[in-house]
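Before any comments, here is the structure.
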Amino acid sequence: MTRTDTGRTTADQDRRARQTAERFREVYGAAPAGVWAAPGRVNLIGEHTDYNDGFVMPLALPHTTLAAASPRTDGVLRVHSGDGGSSGDGQTVELRLDALRPAPDGGWAAYPAGVVWAMREAGLPVGGADLHYDSTVPVGAGLSSSAALEVVTALALDDLYGLGLTRQRLAQLAQRAENAFVGVPCGIMDQTAAACCTDGHALFLDTRDLTQRQVPFDLAGEGLRLLVVDTRVKHELGDGAYAQRRAMCERGARALGVHALRDVQYAHLPEALRRLAASEDGQEGGPLGPEGGSPGPGSGPDVRAVVRHVVTENRRVEDVIARLDAGDTRAIGPLLTAGHASLRDDFRVSCPELDLAVEAAGAAGALGARMTGGGFGGSAVVLVEEPAADTVAARITEAFAAAGHAAPRIFPAVPSAGARRLV
Ligand code: ADP
Ligand code: MG
């Protein structure tokens with residue numbers, strides 16, 4: 001049987017779709033018009049590059065958020081989630097479409113409400129809807145449960161109202177919802193991954209012109225496994241530090257006279273770093289933080305280190321693609337580990353748990369490992385030979401116990417399908 005959903009089977013996915021439809025009927029009193037799914041993701045390589053017009057390479061997880069939905073004709077949006085421990089609270093939230101306004105602290109309902117708001121702002125003929133969600137994407141683990149929630153909502157509304165939008169357009173509307181309605185200044189990677197990934201592939205995305213390429217990533221066929229290590233550390237410090245890293249990237253670009261750091265060629269990096277050292281803007285990059293204090297453990301980076309991370313990370317994405325195209329998947333391992341070092345030492349968005357996961361993986365014989373997602377917690381990815389996977393996972397768990405950290409949750413990342421209609 002095909003593995004499609006949370007490492008299980010098509011039959012499991014069908015059962016979940018039926019259960020989600022049944023729960024919709026209990027909540028709203030009638031069967032839904034359909035059931036849709038959108039996945040969580042891990043990013044293989046290309047971190048903190050998507051807001052620098054750079055390159056990213058995510059893959060969809062088998063973990064999905066399902067939405068059962070029906071249209072409404074009275075201008076009302078009702079959303080319900082929260083069965084079985086997801087972050088919704090089990091209450092139905094009811095909103096009037098003509099009263100939707102971006103507001104901080106809008107709770108979880110701001111994600112789906114923001115999608116409807118973004119569609120209407122774009123002039124699309126979207127009316128009301130009833131939606132019920134059921135998710136297997138870990139929430140707040142850096143695996144993008146938020147984008148899964150937005151994109152499944154966007155796809156359901158696209159179908160219900162016959163909008164005929166492209167996948168990339170759905171991703172852009174979902175990103176606008178998160179940026180402008182929820183108030184999180186994320187890039188375009190997560191929503192594009194949820195909307196556009198395909199089974200058995202990683203998705204190369206140029207975030208400047210939004211061109212995409214599906215890159216075959218047949219781990220099982222090559223006797224490899226990609227493990228996700230969810231450290232269970234929530235990125236509490238992440239929000240402010242994320243905005244500060246973005247601001248430093250913009251400062252670096254300004255000091256170098258380029259539109260975005262994407263425009264700094266790898267071959268010109270030494271010269272760019274010399275110019276930054278000589279410029280006031282580059283020198284005063286010093287510690288980040290509200291009062292010049294540190295955003296996290298250790299001190300923040302300076303502008304030169306931030307620029308070095310972005311430029312070398314874009315190069316690593318190109319190198320990973322070249323190796324995958326050459327059929328040499330094992331050879332991407334050292335690039336993943338180099339990416340981690342850059343995020344830890346230059347961009348400074350790692351944390352002790354992520355560093356330990358990567359270090360323990362390496363010591364146990366993994367081919368490579370890196371933190372994935374925004375940082376300051378969340379998850380790491382580890383590339384291993386299939387037969388060594390259980391041992392490597394056990395060594396990481398032991399290292400966490402020895403360091404006094406809570407046990408991580410470790411599972412395989414099977415490259416899976418993007419958003420789709422199930423029923
Ligand atoms: P991540 O995207 O890494 O999981 P975020 O902090 O960006 O973490 O998004 C998590 C938030 O998204 C949750 O706090 C909640 O508001 C919302 N969310 C995600 N999935 C669901 C769901 N299935 N039901 C209700 N809310 C959800
Ligand atoms: Mg998110």
Side-chain angles (χ1 to χ4, degrees), residues 4 33-41 43-44 46 49-51 53-61 64-69 71 77 97 111-127 129 131 133 137 144-182 184-217 262 317 321 415-423:
T4 51
V35 180
W36 292 261
R41 64 96 190 93
N43 189 20
L44 185 62
T49 47
D50 69 340
Y51 51 85
D53 281 2
F55 307 135
V56 296
M57 211 172 168
L59 51 114
L61 293 171
T64 50
T65 298
L66 266 50
L77 175 71
L97 297 191
Y111 292 87
V115 171
V116 179
W117 172 84
M119 287 180 152
R120 288 167 64 85
E121 279 264 306
L124 296 163
V126 173
L131 291 133
Y133 300 97
V137 184
S144 230
S145 70
S146 58
L149 178 58
E150 292 150 10
V151 169
V152 78
T153 305
L155 184 64
L157 291 168
D158 178 65
D159 260 4
L160 290 176
Y161 284 97
L163 304 179
L165 300 173
T166 63
R167 291 307 175 103
Q168 189 59 64
R169 184 89 178 96
L170 292 176
Q172 285 170 305
L173 289 162
Q175 183 202 14
R176 174 141 169 78
E178 187 151 347
N179 289 170
F181 198 91
V182 181
V184 178
C186 59
I188 189 66
M189 169 172 69
D190 297 348
Q191 291 81 6
T192 308
C196 303
C197 279
T198 57
D199 225 352
H201 294 83
L203 175 72
F204 168 70
L205 175 70
D206 178 335
T207 64
R208 167 160 281 170
D209 62 13
L210 299 183
T211 50
Q212 303 184 356
R213 181 151 80 88
Q214 303 287 344
V215 181
F217 195 48
R262 147 72 176 277
V317 178
I321 290 177
S416 298
R420 62 218 180 257
R421 185 171 189 157
L422 299 181
V423 176

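Positions are given from 1, in the same order as the sequence printed here. Just the heavy atoms: all of them, side chains too, but no hydrogens, waters or symmetry mates, feed the values below.
Looking at residues two or more places apart in sequence or on another chain, you find no ring-ring contact (aromatic ring centres under 6.0 Å, His included) involving Phe217. Considering only residues two or more places apart in sequence or on other chains, Arg208 meets the side chain to side chain contact (heavy atoms under 4.5 Å, CB included) condition with Asp53, Asp206, His259, Ala260, Arg262, Asp263.
Distance CZ/Arg176 to CD/Gln172: 11.5 Å, rounded to 0.5 Å. With values rounded to the nearest 0.5 angstrom, Asp209 atom CG is found 8.5 Å from Thr207 atom OG1. Taking CG of Leu173 as the start and CD of Gln168 as the end, the distance is 10.5 Å to the nearest 0.5 Å. Atom OH of Tyr133 sits about 12.5 Å away from atom OG of Ser145, to the nearest 0.5 Å. Taken to the nearest 0.5 Å, the CG atom of Leu77 stands 8.5 Å off from the OG1 atom of Thr153. Remark: Trp36 CH2 to Arg420 CZ distance equals 14.0 Å, nearest 0.5 Å.
Taking all atoms of both residues into account, the shortest heavy-atom contact from Met57 to Ala202 is CE-CB, 3.9 Å. The two residues Val151 and Ala174 come nearest to each other via the heavy atoms CG2-CB, 4.0 Å. Nearest approach of Ala33 to Leu160, heavy atoms of both residues: CB-CD2, 3.8 Å. What you find for Ala177 and Tyr111 is that their closest heavy atoms are CB-O, 4.4 Å. Shown here for Gly187 and Gln175, the closest heavy-atom pair between the two residues is C-NE2, 3.2 Å. For the pair Val137 and Ser144, the tightest heavy-atom approach, listed with the atom from each and the gap, is CG1-C, 4.4 Å.
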Could you go through the side chain to side chain contact (heavy atoms under 4.5 Å, CB included) check for Arg213 and Ile321 one step at a time?
-> CA-CA 10 Å; Arg213 181 151 80 88; Ile321 290 177; 3.2 Å; yes
Steps toward side chain to side chain contact (heavy atoms under 4.5 Å, CB included) verdict (Leu66, Leu422) = CA-CA 9 Å; Leu66 266 50; Leu422 299 181; 3.9 Å; yes
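Remark: the backbone N or O of Ala195 is paired with a side-chain donor or acceptor of Arg167 at under 3.5 angstrom.
Put simply, the side chain of Gln212 reaches to within 4.5 Å of the side chain of Cys196, judged on heavy atoms.
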